[in-house]
Peer 1: 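First the structure, which I've put down as structure tokens, then a few questions once you've had a look.
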Amino acid sequence: MPELPEVEVIRSGLAPLLSGCEVSGVLCFRESLRYPLPDLLCLKGRQFRNVARRAKYLLFEFDDEMTLVWHLGMTGQFHVLDANEPRQKHEHVRIDLNDGRKLVYRDVRRFGYAALIPSDELLLHPWFRSLGPEPLSDDFNVQYLRDCCRGRKGPIKSLLMDNGVVVGVGNIYAAESLFRAGIHPARAAGRISEMRLGRLVNCVRKVLTEAIAAGGSSISDFVHADGKPGYFSHNFQVYGREGNPCPLCAVPIKRMVQAGRSSFYCSGCQH
DNA sequence: AAATGAACCTGTTTGC
DNA sequence: TGCAAACAGGTTCATT
């Protein structure tokens with residue numbers, strides 16, 4: 001489900017709902033999701049200080065300098081509800097707050113995963129150690145991307161989705177960014193001019209920023225912490241639009257499979 | 001080294 | 001109508 005914009009939208013929704021709240025109890029309805037769940041019972045009595053984000057990870061920061069790291073996989077959702085709301089289908093974890101609400105985690109496919117890590121060790125953790133820069137930071141720039149692409153024969157789309165290169169760009173936003181930049185998803189990364197890579201950097205930034213502003217993309221099951229959908233999917237120009245006319249040149253959008261994932265592109269506009 | 005495919009799960013859509 | 005195959009926002013591991 002979630003790429004960087006969706007995780008960011010969830011983060012910004014949760015932070016004001018949780019900061020300052022104390023955990024009064026925890027219930028796990030299964031022992032593991034993608035990996036075994038950490039011992040969440042030790043959160044009891046701790047206070048949420050902030051909810052941050054790195055890449056597609058949500059970072060729940062507690063007052064005792066512990067961070068609960070949570071990846072949503074494909075279908076993970078967090079909701080803050082009244083404690084007496086009935087348990088939903090696929091609800092796996094429930095964290096009770098001392099003000100009569102609860103933070104609930106749902107995940108149909110159970111690809112999500114979590115860990116409890118001392119805050120100062122976060123960047124040393126295997127999940128974080130080898131991550132590339134945030135796409136909206138100054139570290140993601142044309143010089144950097146050019147160095148990443150140098151000599152690479154693989155397709156640019158795979159490189160864009162490689163978290164070691166840049167984080168947060170998934171299948172949807174890779175397709176949309178490449179379309180805006182006019183670059184074919186199968187083009188060898190090492191054979192793109194610096195000028196076009198510069199355009200790509202700007203397009204990635206722009207697409208992600210617009211998507212955050214629109215509240216993310218709801219395809220089937222993405223919803224905010226308050227249960228509302230995002231609207232960026234109305235702005236998709238190629239993703240999921242195989243056979244429809246290109247918004248720029250009216251040639252039908254094509255679909256191809258790269259590394260097991262669908263890629264959507266316009267053969268008229270992208271080279 | 002770098003690229004592809006399978007695996008992890010469940011639900012929905014598509015095609016015969 | 002029914003049933004099976006294909007497909008879905010992500011990541012990791014094994015295999016070329």
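What's counted below: heavy atoms across the whole structure, side chains too, no hydrogens, waters or symmetry copies. Note on naming: letters A, B, ... go to the chains in the order of the sequence lines (proteins, then strands), and numbering restarts at 1 for each one.
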Peer 1: Quick check for you: among dC7(C), dG10(C), dT4(B), whose closest atom lies nearest to any side-chain atom of Pro155(A)?
Peer 2: dT4(B)
Peer 1: When you match Ser262(A) and Trp127(A) each to their closest nucleotide on DNA chain C, which lands nearer the 5' end?
Peer 2: Ser262(A)
Peer 1: Give me the distance, rounded to whole Å, that separates dG5(B) from dA6(C) when you measure between the P atoms they each carry.
Peer 2: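 About 15 Å, rounded to a whole number of Å.
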Peer 1: Do you know which of Asp82(A), Leu81(A), Leu27(A) makes side chain to side chain contact (heavy atoms under 4.5 Å, CB included) with Lys102(A)?
Peer 2: Leu81(A)
Peer 1: In whole angstroms, how far is the P atom of dA8(C) from the CZ atom of Arg241(A)?
Peer 2: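 Rounding to the nearest Å, CZ of Arg241(A) and P of dA8(C) are 16 Å apart.
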Peer 1: Kindly say if Lys56(A) contacts the phosphate of dT11(C), meaning a side-chain N or O under 4.0 Å from OP1 or OP2.
Peer 2: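 Yes, because at least one side-chain N or O of Lys56(A) sits under 4.0 Å from OP1 or OP2 of dT11(C).
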Peer 1: Is Glu134(A) paired with Arg53(A) through a side-chain N to carboxylate O contact shorter than 4.0 Å?
Peer 2: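 Salt bridge present between Arg53(A) and Glu134(A).
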Peer 1: dA5(C) and dA6(B): how far apart are their P atoms, nearest whole angstrom?
Peer 2: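 Rounded to whole Å, the distance is 15 Å.
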Peer 1: Are Asn171(A) and dA8(C) close enough that a side-chain N or O sits under 4.0 Å from OP1 or OP2?
Peer 2: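 Negative; the distance criterion is not met.
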Peer 1: Can you tell me which nucleotide in dC7(C), dT12(C), dG10(C) comes closest to the side chain of Met161(A)?
Peer 2: dG10(C)
Peer 1: If you look at every strand shown and take non-hydrogen atoms under 4.0 Å, does Asp107(A) touch a base, only sugar-phosphate, or nothing?
Peer 2: nothing
Peer 1: Expressed in whole Å, how much space separates the P atoms belonging to dA1(B) and dT11(C)?
Peer 2: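 Rounded to whole Å, the distance is 23 Å.
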Peer 1: Quick one: look up who dC9(B) pairs with, Watson-Crick or G-U, both distances under 3.5 Å, and put none if it's unpaired.
Peer 2: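 Paired with dC9(B), as far as the under-3.5 Å criterion goes, is no nucleotide at all.
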Peer 1: Which nucleotides of nucleotides 6-11 of chain B have their base under 4.0 Å from a protein heavy atom (B), which only their sugar-phosphate (S), and which neither (-), written as one string 5' to 3'?
Peer 2: --BBBS
Peer 1: Within the 4.0 Å heavy-atom criterion, would you say Phe232(A) contacts the bases, only the backbone, or no part of the nucleic acid?
Peer 2: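 The answer is nothing, as Phe232(A) stays clear of every strand by at least 4.0 Å.
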Peer 1: Please determine if a side-chain N or O atom of Arg261(A) lies less than 4.0 Å away from the OP1 or OP2 oxygen of dA8(C).
Peer 2: no
Peer 1: Please report the distance, rounded to the nearest Å, between CD in Glu176(A) and P in dG9(C).
Peer 2: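 Interatomic distance, CD of Glu176(A) to P of dG9(C): 12 Å.
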Peer 1: Rounding to a whole Å, what distance do you find between Tyr35(A):OH and dG10(C):C1'?
Peer 2: 10 Å
Peer 1: Without decimals, in angstroms, what is the distance between Arg152(A) CZ and dT4(B) P?
Peer 2: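 In whole Å, dT4(B) P lies 11 Å from Arg152(A) CZ.
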Peer 1: How is Tyr173(A) classified with respect to the nucleic acid when contacts are heavy atoms under 4.0 Å: base, sugar-phosphate, or nothing?
Peer 2: nothing
Peer 1: Looking at Phe128(A), is Arg54(A) sitting on its ring face, NZ or CZ under 6.0 Å from the six-membered ring centre and within 45 degrees of the normal?
Peer 2: no
Peer 1: Please determine, for dC3(C), whether a Watson-Crick or G-U wobble partner exists with both distances under 3.5 Å, and give it or none.
Peer 2: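 The answer is dG15(B), by the H-bond criterion.
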Peer 1: Atom NZ of Lys157(A) and atom C1' of dT4(B): how far apart are they, to the nearest Å?
Peer 2: 13 Å
Peer 1: Expressed in angstrom and rounded to an integer, what is the separation of Leu72(A) atom CG from dG10(C) atom C1'?
Peer 2: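 The answer, rounded to whole Å, is 10 Å.
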Peer 1: Taking the basic N atoms (NZ, or NE/NH1/NH2) and the acidic carboxylate oxygens, is any pair closer than 4.0 Å for Asp107(A) and Arg110(A)?
Peer 2: no
Peer 1: Measure CE/Met74(A) against C1'/dT12(B) and give the value in whole Å, please.
Peer 2: 13 Å
Peer 1: Do other residues, nucleotides or ligands put more than 12 heavy atoms under 6.0 Å from the CG atom of Asp138(A)?
Peer 2: no
Peer 1: Quantified in whole Å, what is the P atom distance between nucleotide dT14(B) and nucleotide dG9(C)?
Peer 2: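 Here dT14(B) and dG9(C) have their P atoms 15 Å from each other.
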Peer 1: Charged N to carboxylate O under 4.0 angstrom, Glu176(A) versus Arg180(A)?
Peer 2: no
Peer 1: Does a nitrogen or oxygen in the side chain of His71(A) sit under 4.0 Å from OP1 or OP2 of dT11(C)?
Peer 2: yes
Peer 1: Below 30° counts as parallel, above 60° as perpendicular, anything between as tilted: where do the rings of Tyr57(A) and Tyr113(A) land?
Peer 2: perpendicular
Peer 1: Would Ser262(A) and Arg255(A) count as having a side-chain donor-acceptor pair, cut-off 3.5 Å?
Peer 2: yes
Peer 1: Side chains of Ser19(A) and Asn50(A): donor-acceptor distance under 3.5 Å anywhere?
Peer 2: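 Checked: Ser19(A)/Asn50(A) side chains show no N/O donor-acceptor pair below 3.5 Å.
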Peer 1: Asp162(A) has an atom CG; how far is it from atom P of dT11(C), in whole Å?
Peer 2: 11 Å
